[in-house]
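Source: prediction; values computed, not measured.
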Amino acid sequence: PTMHWLRTAIAVVSIACASSMVRAATSLHPGNAAIALAKIDASGRVEVTLRFDILAYALDEDPGPLPQSDRLDLLAGTDEALDKLLTDARSHFASIFALTADDQRVTSVLVSFPTLAEVRAWQHEHLRHPLPMKLDAVVRAQLPAGTRAVQFRFPPVVSDVILTADCPGREPFAMPLRPGEVSPAIAVELGGTNAGAQATPSDGAQAEPVAPPMSTLEALWRFISLGFTHIVPNGLDHVLFVLGLFLLSTSPRALLLQVTAFTVAHSLTLALTMLGVVELSPSIVEPLIAVSIAFVAIENVVTSRMHAWRPLVVFAFGLIHGMGFAGVLRELGLPRGQMVTALVGFNVGVELGQLAVIFLAFAVLGWWRKRAWYRMRIVIPLSLLIAATGLVWTVQRLT
């Protein structure tokens, strides 16, 4: 009786979770990270452009993939209600954003913030899929003479921020920041120094290069974290695909073969897409990712064992998923010098996220995998729910 109630409880939880998946975000790749570019010239003029999810910010929500109904309701509401929220959001942004020079806060001016007209224009242009709505805020400031280092802080609600600093005396450097985190101190060289060039002493000796605000190792770790969170908790589509692989594989060898094929494939297209060798429109990639989820889950229902073609199919779908991963990195506008660091770190993070999903699935279902009823009570119901989710997403991305 105890096992019966336990199985029933897990089945109910699984159905509830899967039902919420079907009602989840219409975007398969939410692209949660905000993108910031801070330009500082030799005279100390600062211009920061932040591209972020304005609707999530206006509602004081984390721009994650679940749920998006509040943002859609906001768009469907009146102009007066939306305009009031945007006005309040502007005031909140101006009060929270901080620029410091040598640990002293510098007065900054919010010269541009998403307006009602810009929101409605985006909504009209992206009529079928308006979310996430990434628009720009621009802040300007003047650094005091003699400033040696600056730091930035963005409102926590904009979620993770990929900040690229373009300063005098050093090459542009991108650094992922956690929500609300103050950036590392960024060295600047003001007065007679051209942006992107290194200062030269009056005696003609070559100046020492200005150190980046964080080490390559720390930047690598942060990109690993970004890749991991792209899978857990933000990559619901990739999670379902990996679960589909897990459900059919009753032996570790079969699962390892599929996961290896998937990993090799998406790593290949992730690199090739980032390097500009191959490119496919997101309007094609995202529906194909949804199709891959449905296909693998449906195959789990119609067959009870892994056929020879399964790893080949998984490899083919892995190529598509890799292009989806690349879309996340490409929109960040990373400096060319950091492309390898970002690629390696993000890919490692993705793999760790996938392994976490597999380990969790083993922890929850592994002890039942050899039971006679495992396929009928676990594999088929969960695969049907995953297939339904994939099919719903396919229709959403094609309509």
Side-chain angles (χ1 to χ4, degrees), residues 1-25 28 30 64-67 224-225 227-263 266 289-290 292-306 310-311 314 317-318 321 348-393:
T2 302
M3 289 299 298
H4 171 75
W5 282 109
L6 182 59
R7 290 196 298 267
T8 302
I10 290 179
V12 169
V13 171
S14 299
I15 292 173
C17 291
S19 298
S20 68
M21 291 173 188
V22 175
R23 299 193 303 269
L28 293 179
L66 295 173
I224 290 174
S225 177
F228 185 89
T229 57
H230 184 67
I231 300 296
V232 181
N234 297 326
L236 186 58
D237 51 346
H238 304 297
V239 168
L240 292 186
F241 186 82
V242 172
L243 285 177
L245 304 184
F246 171 85
L247 288 172
L248 185 63
S249 307
T250 56
S251 72
R253 180 179 179 276
L255 179 59
L256 179 62
L257 184 60
Q258 293 183 84
V259 171
T260 300
F262 182 62
T263 298
H266 77 64
I289 290 176
S292 74
I293 296 168
F295 183 94
V296 167
I298 291 171
E299 189 179 17
N300 291 350
V301 175
V302 300
T303 183
S304 60
R305 63 186 182 88
M306 191 177 78
R310 173 84 166 205
V314 171
F317 284 138
H321 280 248
V348 169
V350 165
E351 301 313 319
L352 293 176
Q354 292 173 169
L355 289 175
V357 172
I358 293 172
F359 288 147
L360 181 60
F362 264 116
V364 175
L365 302 175
W367 54 318
W368 291 340
R369 286 160 68 86
K370 300 299 183 182
R371 300 295 181 92
W373 44 261
Y374 175 73
R375 174 171 171 77
M376 187 59 62
R377 297 183 184 180
I378 301 294
V379 174
I380 292 179
L382 289 182
S383 294
L384 287 173
L385 289 168
I386 292 173
T389 304
L391 290 173
V392 168
W393 276 339

Handout entry: Criterion side chain to side chain contact (heavy atoms under 4.5 Å, CB included) on Met306 and Leu257, from CA distance to verdict
Key = CA-CA 10 Å; Met306 191 177 78; Leu257 184 60; 3.8 Å; yes
Exercise for the section: Please test Ile380 against Asn300 for side chain to side chain contact (heavy atoms under 4.5 Å, CB included), starting from the C-alpha separation and ending with a verdict. Expected result: CA-CA 7 Å; Ile380 292 179; Asn300 291 350; over 6 Å; no
Completion exercise
Correct closest heavy-atom pair for Ile293 and Asp237 would be CD1-O, 3.3 Å
Exercise for the section: Could you label the plane-to-plane angle of the Phe262 and Phe241 rings as parallel, tilted or perpendicular, counting under 30° as parallel and over 60° as perpendicular? Expected result: tilted
Practice task
Could you tell me the separation between the CG atom of Leu245 and the CD atom of Gln354, rounded to the nearest 0.5 Å?
Solution key: 9.0 Å
Fill in the blank from the handout: In short, Val350 meets Ile231 closest at the heavy-atom pair O-CG1, 3.8 Å
Handout entry: Gap between atom CD1 of Ile386 and atom CG of Leu391 - 0.5 Å precision
Key = 12.0 Å
Fill in the blank from the handout: Minimal heavy-atom distance between Gln258 and Arg310, with the atoms involved, is OE1-NE, 2.6 Å
Handout entry: Within 6.0 angstrom of Phe359 CZ, more than 12 heavy atoms from elsewhere
Key = no
Handout entry: Spatial distance of atom CG (Leu385) from atom CG (Leu243) [nearest 0.5 Å]
Key = 11.5 Å
Problem - Spatial distance of atom CH2 (Trp367) from atom CZ (Phe362) [nearest 0.5 Å] - result: 15.0 Å
Practice task
Taking all heavy atoms of Leu248 and all of Thr303, pick out the closest pair and write down the distance.
Solution key: CD1-O, 3.6 Å
Practice task
Please lay out, stage by stage, how Phe228 and Leu355 fare under the test side chain to side chain contact (heavy atoms under 4.5 Å, CB included).
Solution key: CA-CA 10 Å; Phe228 185 89; Leu355 289 175; over 6 Å; no
Practice task
May I ask you to decide if Val301's main-chain N or O and Arg375's side chain share a donor-acceptor pair within less than 3.5 Å?
Solution key: yes
Problem - Ile358 CD1 to Leu255 CG distance, which is reported to the nearest 0.5 Å - result: 5.0 Å
Handout entry: Shortest non-hydrogen separation from Ser383 to Ala297 and the atoms involved
Key = O-CB, 3.2 Å
Practice task
Taking the six-membered ring for Trp and the full ring for Phe, Tyr or His, determine whether the centres of His230 and His238 are under 6.0 Å apart.
Solution key: yes
Exercise for the section: May I ask you to decide if Val232's main-chain N or O and Thr229's side chain share a donor-acceptor pair within less than 3.5 Å? Expected result: no
Handout entry: Step-by-step side chain to side chain contact (heavy atoms under 4.5 Å, CB included) determination, Leu247 to Tyr374
Key = CA-CA 10 Å; Leu247 288 172; Tyr374 175 73; 4.1 Å; yes
Problem - Minimum heavy-atom distance Pro381-Met376, with the two atoms named - result: CD-O, 3.3 Å
